[in-house]
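One structure is given here, and the rest of the page talks about it.
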Amino acid sequence: MAVKPAEQAKFEFSVPVVVIGAGACGLTAALSLAEQGVDVLVLERDEHPTGSTSLSAGLIPAAGTRLQREKGIEDSAAQFAADISAKAHGQNDPVVVRAVAEASGPTVDWLIDVQKLDLHLVEGFRYPGHSQLRMHGPHSQSGADLEGMLLTAAGSAGVDIITSASAEDLYADGQGRITAVGFRRPDGSMEVVGCDAVILACNGFGGNPDKLRQYIPEMAEAEYFGHTSNTGDALDWGVALGAQTRDLGAYQGHGSVSTPHGSLLTWAVITLGGIQVNQNGERFADEMQGYSEHAQEVLRQPGKVAWDIYDARCEEPALAFQDYKELVAMGGVRQAGSVAELAAVTGLPQAALERTLRGVEACVRGQAADEYGRDFTGNIPLAPPYRAAKVTGALFHTQGGLAIDSSARVLKADGQPLPNLYAGGGAARGFCGPAAFGYLSGNGLLSAVVLGRIAALSFLTTQHLISTSRNKK
């Protein structure tokens, strides 16, 4: 990956915008541009676009949407921004957070009403840190289905997507203005396309072991539940162009990836009163601190594993997730009619399980305070038939990246924007501050979808201003 002098670029065709990456960020940006009649070329490294979007639950948090209003849910961008900021302990960029929160509702409405994506509002439980129900996604709650919907919309809009095209080089002049992008085909041949702007939508560096050891050493040996093509190309290009990088130690982890099945087990089962225990049958942390930072807690346990313990009531919302249905079909969820049977099917010590469950019930009934600080208020004591699933902690994707402004323009070291480079999703600095503790559920797709649209609209606005200025002359 390199940034080369603009005069070295030799190309036979050009487009107004090149988007690098065909996940949720890149496709949302491309759809936004195509809607306004702007030709856009999407370069996708893989033969079939999947990426981090397909590996997610496909849920986009947004405030003030039509679906919320139809359910009588009062939410606002200010409230959403406050939730994002609170989770990150105020260590994120308040200007960008506010801009994204304000654009989230209109963006989801646009996806549903204009791009015809069949999304619904997830009900029945709130993810940790969210003060309202605001997760929107496919009815299957599958990221693969969200990616499929976006690809269908892109096909209908006539968006040009070249797959098996690995973007390698950016060509830029002395001011950092990008004039072309070079990409490699599977046979090793290189092609170059000219452009007026580039949107980096190629995620972060979770698939780059060297960068993980450098920036996130605590997760360098963890299971990687992200996409292997996330190798940090955007970071390298940005640094070569003199861009700022921020919060490179930040990431989204998850403390509930089934093992050995490698399937995500939704945190909904924990939110409604489920718990996690280690191989000694003991709880070890506040499960409601957030599933991202909880990944480290799980990895500190014997064997780097834990057991999710919950019941049929907690399982109800999980049954709407395609990942969960598949996990059940694979035998990854065990059932037990009593604590003794629970111990038998998990191999956990019965006496310890009984003590743990009695202690949790006392907290739920208000008879004791949880030693780890979890607030069990509003929960119901777990009751047989129990459910149990063996899980580990995993890294999903990095959250640090190129510093951007509220228009998704990549910023140089002096705080000024590069002339025509935009970033969203994992390529850009996220909203969770310097570490995993700041990850609010859905931040990944929030950054991807909303910043993808913001980047496209920013380009359109800039082009309009340039056109107006020229007309005045």
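Both backbone and side-chain heavy atoms feed into the values below; hydrogens, waters and symmetry mates do not.
Residue pairs satisfying the ring-ring contact (aromatic ring centres under 6.0 Å, His included) criterion with at least one member in residues 346-370, sequence neighbours excluded, are absent. Under the salt bridge (Lys or Arg N to Asp or Glu O under 4.0 Å) criterion, the residue pairs touching residues 100-113 are R66-D113, with sequence neighbours excluded. Listed by first and then second residue, the ring-ring contact (aromatic ring centres under 6.0 Å, His included) pairs that reach into residues 217-238 are F225-F396, sequence neighbours excluded.
There is a side-chain donor-acceptor pair under 3.5 Å between T65 and H136. For the residue pair S256 and D308, a side-chain donor N or O sits within less than 3.5 Å of a side-chain acceptor on the partner. With no hydrogens or angles considered, no side-chain donor-acceptor pair links T266 and D323 at under 3.5 Å. Side chains of Q79 and S131: a donor-acceptor N/O pair is present below 3.5 angstrom, by distance only.
Considering only residues two or more places apart in sequence or on other chains, E35 meets the side chain to side chain donor-acceptor pair (under 3.5 Å) condition with W110. Listed by chain and residue number, H120 satisfy the side chain to side chain donor-acceptor pair (under 3.5 Å) test with Q141 (two or more places apart in sequence, or in another chain). Among residues two or more places apart in sequence or in another chain, the side chain to side chain donor-acceptor pair (under 3.5 Å) test is passed with Y439 by Q252.
For D75 and R69, the salt-bridge test fails: no basic side-chain N is under 4.0 Å from an acidic carboxylate O.
Taking the centre of each ring, H294 and F284 come in below the 6.0 Å mark.
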